[in-house]
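One structure is given below, encoded as structure tokens.
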Amino acid sequence: MNLKSKAGPAVKIPVRKKTPLKTRPANPPVPLPRIILSQLNGVSHKVTAVALREGFLWLLLAVSGIVLVQCTLDWLFDLAWHIRLIFAILDLGLLGWLSYRYIFLPLQKPLSPEQAALRAELKYPALRTSLISAVQLAKNPEGSTRMVEILIQQVAKRAAQMDFRQAVDANHLKKLTIGAFSVAVVTAGLGAAFMPKTIVLIERLLLSTIQLPTQTIVVDVSGDFKVPAGETIELKAQVKEGTVIPKSGSVTIDYDGGKGSQTVTLTPKASEPGAFALTIPNVQQGFTYRFRLNDGRGNEFKVTILHGPTLAKVNFEANPPAYTGLQKTSLPPGNITIIAGGTLHIEGKADQDLKSAVVQLKGVDKQIQMAIGGDSRTVTADVQIPAQGLEAFSISMLNTDGIPSPNNTLYHVTVTPDKPPEITFAAGQAEDLTFVETDRPRILFKVIDDFQVAKVFLCVQPIAATAEGSDEGPNAQAPKEEAIQRIPIPITPAAALNFDYIWKTAGDSGIWKEGKTVSYWIEAEDNNNVTGPGVGKSGKRQWRIISIAEKQKELKDKEKEIADKMDEIAKKEQELQQSLGNQIKQESAPK
């Protein structure tokens, strides 16, 4: 039988959603009975009290031991201040740790009820774990609240019959108490026995610079020195008034770098009772020194030899004037060549911190303050180069101790001047030319400059005739010069210019007239806007304005002069040919 064929259609069963289980609310805390709280607080307070007592005893022992041991060492060995400083740092570290361990922590973190309960259970095993369980269940009851309350009441009845404070043992403090007070009593007894020296030793323990309480107390006078090499210094100490003045004393000198030591015996100065001094001339080496007078010892002081600063490195940079178009160039630190009007940039670094630095200029009697960088060693300055006078310079420095730099290097300076333009007339131009009034003079010339020609002028000046009525002898009056006219010649600025110039406006000048003699020359200016401009002038020449008749006569005279020269040349040529013919005949004649 086929069951599948008789089965009906499949039925889909819907999925049921899961619903979360309801959580029971936590039970409220159950208050502990007063007897339990009182007992647990008693344990916590006693633990704190024992810790504070232990801390006080440890501090008393430490302070007493520090005073006893370190004052004794200082008395025996006269400990230096830096040694006492190290001891003081260690002392503060020890006392701070003891205070933190036994005072700060117990006050900041007292025992919790659970910790107190555990201590009580250790003391009273009969409690087993009921006390800690009661404390914990009281905070967070689980299960039946009634059962928790019954447990707490049972523990309270037992607690009423006990003293939980017995769980805190303080027996270990007995030995510590005996030891601490014993050391304190010994320290106090010795301090009282050696009064008032004890006060001085305690002051030194607290880093005072007071001297040890000896029969002779040394009062240091001279102290530390910072002096330049070669100085003369006086080391001096004084015996404190009221203490013993010895007949002699000494000062011990220890040279730097372990280069030996010496002890010099001293006697009191006749002019100052109780004063001992040693004069040292020409000090060249650093050292430490200390006076010893009777049983008294002075402090140790240091003599430092100060050396003036020197330049560890120096760089120079030449900044030519802008009008030259030249670029900046670095210069070697030696003799310096730089163009006039330029700027010399100086940058150096000293081997010491500086207070000030200046550039001393030689030849112009001037100094320039240098800027000091943030590192107190780098110095910079810009020196403007004058057209003339500057010969050399040096860099003078002063360090922060006021010591000047020794043997400053002298840097020689060669100043290259900016030459004025040069003017050259073209060949074949006579220095004295004649014109008629209708002519216009023509000038061929060249102007060159080492950088750039900026302006060119034709300068003309009429020369007046000899004063009327004067003789032409040694007493004759010189021609009177009139005002100069400067006629600008248009140019395009360049380093070299060639001119073929015609004075077209001569007729409008008022001086180009028949009978006049005009002196002329060329002036040119360069583009030097710093130390210039440089002005170049040509030599003076002249033009004479004559009549047409005079010009014709001059031309005829020149023609005659040329003809005479031609005749003279022809005559010489004829003589030369005749001489040459005679010589040929002589050489061809039979010998």
Rounded to the nearest 0.5 Å, what's the gap from [atom1] on [X] to [atom2] on [Y]? Could you check?
X      : Y      : atom1 : atom2 : value
Ile336 : Leu390 : CD1   : CG    : 9.5 Å
His82  : Phe87  : NE2   : CZ    : 10.5 Å
Leu201 : Asp74  : CG    : CG    : 6.0 Å
Leu105 : Arg101 : CG    : CZ    : 7.5 Å
Lys328 : Thr343 : NZ    : OG1   : 9.5 Å
Glu272 : Gln238 : CD    : CD    : 6.5 Å

* Only counting residues at least two apart or in another chain, list the ones meeting side chain to side chain donor-acceptor pair (under 3.5 Å) with Asp526. => none
* Who are the side chain to side chain donor-acceptor pair (under 3.5 Å) partners of Asn529, not counting sequence neighbours? -> none
Distance-only, no hydrogens or angles: does the [X] side chain make a donor-acceptor pair with backbone N or O of [Y] under 3.5 Å?
X      : Y      : value
Thr48  : Ser44  : yes
Thr414 : Thr337 : no
Arg84  : Ser208 : yes
Arg377 : Asp351 : yes
Asn399 : Ile403 : yes
Thr216 : Val244 : yes
Asn528 : Thr531 : yes
Ser182 : Ile178 : yes
Asn294 : Gly296 : no
Asp450 : Lys419 : yes

* Dump the intermediate steps for side chain to side chain donor-acceptor pair (under 3.5 Å) on Asp91 and Gln70, then the final yes or no. => CA-CA 10 Å; Asp91 296 342; Gln70 294 182 17; 2.8 Å; yes
Is any side-chain heavy atom of [X] closer than 4.5 Å to a side-chain heavy atom of [Y]?
X      : Y      : answer
Val67  : Thr198 : no
Gln384 : Val530 : yes
Ser394 : Leu410 : yes
Ile305 : His307 : yes
Leu331 : Leu344 : yes
Lys349 : Asp375 : yes
Ile103 : Leu59  : yes
Phe225 : Ile280 : no

What do you reckon, is [atom1] of [X] surrounded by more than 12 foreign heavy atoms closer than 6.0 Å?
X      : atom1 : result
Gln262 : CD    : yes
Asn282 : CG    : yes
Lys226 : NZ    : no
Lys302 : NZ    : yes
Phe194 : CZ    : no
Gln388 : CD    : no
Asp365 : CG    : no
Glu231 : CD    : yes

Closest non-hydrogen atom pair, [X] against [Y]:
X      : Y      : answer
Pro268 : Lys247 : CD-O, 3.3 Å
Val359 : Ala381 : CG2-CB, 4.0 Å
Val413 : Ile338 : CG1-CG2, 4.1 Å
Asp449 : Pro421 : OD1-N, 3.5 Å
Pro386 : Ala340 : O-CB, 3.9 Å
Val358 : Gln369 : CG1-OE1, 3.3 Å

* Hey, can you tell me if Phe181 and Phe56 have their rings parallel, tilted or perpendicular (30° and 60° cut-offs)? => tilted
* To do: Measure the acute angle between the ring planes of Tyr289 and Phe301, then classify it against the limits of 30° and 60° as parallel, tilted or perpendicular.
  => tilted
* To do: Sequence neighbours left out, what pairs pass salt bridge (Lys or Arg N to Asp or Glu O under 4.0 Å) with at least one residue falling in residues 288-300?
  => Asp78-Arg290, Asp78-Arg297
* **Glu317/Ser330 under side chain to side chain donor-acceptor pair (under 3.5 Å): CA gap, chis, key distance, verdict** => CA-CA 4 Å; Glu317 183 182 69; Ser330 296; 4.9 Å; no
* To do: Take Asp418 and Phe451 through the side chain to side chain contact (heavy atoms under 4.5 Å, CB included) test and state the conclusion after the steps.
  => CA-CA 8 Å; Asp418 183 357; Phe451 295 108; 3.6 Å; yes
* **side chain to side chain contact (heavy atoms under 4.5 Å, CB included) evaluation trace for Ile368 with Phe393** => CA-CA 10 Å; Ile368 298 173; Phe393 69 89; over 6 Å; no
* Structure fact -> Only residue of Asp382, Ile346, Thr380 satisfying side-chain contact (heavy atoms from CB on, under 4.5 Å) with Met370 is Ile346
* Asked: Given the rule in the side chain to side chain contact (heavy atoms under 4.5 Å, CB included) test, do Phe77 and Ile83 qualify, once you have shown the distances and angles that lead to the verdict?
  -> CA-CA 11 Å; Phe77 302 105; Ile83 300 297; over 6 Å; no
* Intermediate values then yes/no, side chain to side chain contact (heavy atoms under 4.5 Å, CB included), Leu85 and Leu207 -> CA-CA 7 Å; Leu85 174 62; Leu207 303 181; 3.8 Å; yes
